[in-house]
Amino acid sequence: MITVEFLGPIGKSPIEIEAKTLSDVAVKLKEDPQMAVWLDKCAVALNDTMVKDLGTVLKEGDRISILPPVCGG
Amino acid sequence: MITVEFLGPIGKSPIEIEAKTLSDVAVKLKEDPQMAVWLDKCAVALNDTMVKDLGTVLKEGDRISILPPVCGG
Amino acid sequence: MELYQGPLEVKEIFARWLDEEAASNYGAYIPFVGTIRAEDGIEALSFDIYEPILRSWFENWQERAKARGAIVKMAHSIGDVPVHTSSYVSAVFSPKRRVALELIEEFVEDFKANAPIWKYDIKEGKRIYAADRSTPMDGAGLLA
Amino acid sequence: MELYQGPLEVKEIFARWLDEEAASNYGAYIPFVGTIRAEDGIEALSFDIYEPILRSWFENWQERAKARGAIVKMAHSIGDVPVHTSSYVSAVFSPKRRVALELIEEFVEDFKANAPIWKYDIKEGKRIYAADRSTPMDGAGLLA
């Protein structure tokens with residue numbers, strides 16, 4: 001199982017899913033209509049490191065963070 | 001008569017000269033060997049306004065300032 | 001990196017950073033102070049921060065600054081910050097002015113684009129995500 | 001524009017400028033603080049200022065800033081300023097960060113190039129013109 005958490009304004013509780021790669025996570029999240037509006041604007045972190053490759057391999061206990069558009073300052 | 005003053009590090013006392021234009025001032029200052037080393041690096045003000053035209057006409061009582069290279073901050 | 005609940009004590013932060021580097025022989029110190037503007041009828045802005053990724057972002061910037069002989073500092077608010085108070089102070093110290101002027105611009109712009117901080121307007125007590133002023137981070141859309 | 005004999009009270013200046021604009025609704029405040037570095041065995045730097053032309057230079061900059069919705073402030077030392085103390089503080093306030101970041105760079109660079117201020121190294125009590133670090137002003141060479 002891996003954990004997916006949704007940061008900032010997304011307002012969705014963390015979920016636990018089965019996934020071997022980030023592609024599997026994408027497939028799962030697209031099934032959720034609430035997430036569909038967010039995904040094209042969101043960046044992704046794996047265990048608090050930003051990731052940019054859909055092929056990234058996941059292991060048991062990994063934590064994915066979904067980061068919506070930011071505006072610090 | 002017009003007054004010519006020498007600012008910052010030039011270390012020369014003000015002088016009074018006869019001059020109808022800035023060209024006349026240039027001629028006079030070039031006669032002074034102490035000034036020759038400064039003139040190509042110095043900017044010029046007339047009554048505290050920067051001037052860039054050698055043809056600038058002068059009148060009785062005008063004050064010319066010679067400004068050597070600067071380094072504020 | 002310093003995070004505070006509510007508005008920043010800007011004068012204290014500016015003075016303390018100055019003192020911290022008083023003997024470091026830097027010739028240029030450029031702080032950037034961000035203050036909440038009264039506009040669109042807001043009472044305050046409010047901020048969520050994801051601290052682990054903000055810390056790595058900042059550590060990466062410390063390395064980038066160090067490679068140019070400089071250092072960076074930053075402070076940011078968490079939660080509500082009323083109009084006319086400050087939520088953000090960042091700063092560059094460097095031996096010479098050119099590097100400091102270049103770095104403060106790069107640091108502040110990258111902060112706006114990639115620091116994991118989310119902004120909300122507070123209007124009539126409601127907290128509304130500032131979607132129209134927010135920027136997708138580098139790499140956004142990976143899962144779309 | 002503020003001129004002081006000797007080193008600047010940087011914290012007082014920063015805090016006072018912040019207070020002066022506390023209700024002006026500017027979103028960005030960027031000061032630049034210039035501090036004397038210990039190098040080449042100097043004890044201090046020393047400055048001559050020609051105030052009438054510095055004032056017109058600064059008034060021209062206030063107009064340029066105003067045209068972009070911003071304001072500029074500056075303070076500088078006259079006479080001797082020991083190493084590790086500050087001789088120069090300038091600042092931009094503007095509604096938004098982009099204008100502030102652009103203006104502080106232009107303002108500081110134009111200051112270095114065109115403010116009528118002359119710098120001297122103080123070494124073993126002697127005052128030596130910093131010729132190699134000085135820049136001819138716009139229009140230099142007119143009388144050559």
Side-chain angles (χ1 to χ4, degrees), chain C residues 7-19 21-40 42 45 69 81-113 133, chain D residues 7-19 21-40 42 45 69 81-113 133:
Chain C
L8 300 182
E9 296 287 344
V10 174
K11 295 174 191 174
E12 185 276 327
I13 291 168
F14 172 87
R16 183 163 41 78
W17 290 354
L18 185 74
D19 289 342
E21 306 305 331
S24 309
N25 212 26
Y26 292 120
Y29 171 26
I30 311 182
F32 177 103
V33 180
T35 298
I36 312 298
R37 303 188 68 213
E39 57 186 351
D40 302 328
I42 63 165
L45 294 180
V81 185
V83 296
H84 295 168
T85 66
S86 299
S87 53
Y88 173 48
V89 185
S90 61
V92 173
F93 287 83
S94 94
K96 302 280 186 182
R97 81 176 183 289
R98 275 310 317 158
V99 166
L101 286 165
E102 289 163 16
L103 272 182
I104 192 68
E105 173 161 8
E106 295 169 30
F107 184 46
V108 169
E109 291 297 339
D110 191 51
F111 172 84
K112 295 296 287 188
R133 283 118 72 201
Chain D
L8 301 182
E9 297 287 344
V10 174
K11 294 174 191 173
E12 185 277 327
I13 291 167
F14 172 88
R16 182 163 42 78
W17 290 354
L18 186 75
D19 288 343
E21 306 305 331
S24 308
N25 211 27
Y26 291 120
Y29 170 25
I30 310 182
F32 177 104
V33 180
T35 298
I36 312 298
R37 303 188 68 211
E39 58 185 350
D40 301 328
I42 63 166
L45 294 180
V81 185
V83 296
H84 294 169
T85 65
S86 299
S87 53
Y88 173 48
V89 186
S90 61
V92 173
F93 288 83
S94 93
K96 301 280 185 181
R97 82 176 183 287
R98 274 312 314 159
V99 166
L101 286 165
E102 288 163 15
L103 272 182
I104 191 68
E105 173 161 10
E106 294 169 30
F107 184 46
V108 169
E109 291 296 338
D110 191 51
F111 173 84
K112 296 296 287 188
R133 283 117 72 201

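What you see below is based on every heavy atom in this structure, not just the backbone, and it leaves out hydrogens, waters and symmetry mates.
Contact between F32(D) and L101(C) at its shortest, heavy atoms only, is CD1-CD2, 4.3 Å.
Of all the listed residues (A28(C), P31(C), A15(C)), the one sharing the greatest number of non-hydrogen pairs under 4.5 Å with chain D is P31(C). Put simply, of T35(C), L18(C), N25(C), the one with the most heavy-atom pairs under 4.5 Å next to chain D is N25(C). When each of K11(D), R97(D), E39(D) is scored by its heavy-atom pairs under 4.5 Å with chain C, the top score falls to R97(D).
Residue contact with chain D, scored on non-hydrogen atoms closer than 4.5 Å, is absent for Y88(C). Only the backbone of A22(D) comes within less than 4.5 Å of a heavy atom of chain C; no side-chain atom from C-beta onward does. Both the backbone and the side chain of V10(C) have a heavy atom closer than 4.5 Å to some heavy atom of chain D. There is no contact between E102(C) and chain D, counting heavy-atom distances below 4.5 Å.
Between R98(C) and E105(D) there is a salt bridge, with a side-chain nitrogen of the basic residue lying less than 4.0 Å from a carboxylate oxygen of the acidic one.
Around atom CD of E21(C), more than 12 heavy atoms belonging to other residues, nucleotides or ligands sit under 6.0 Å away.
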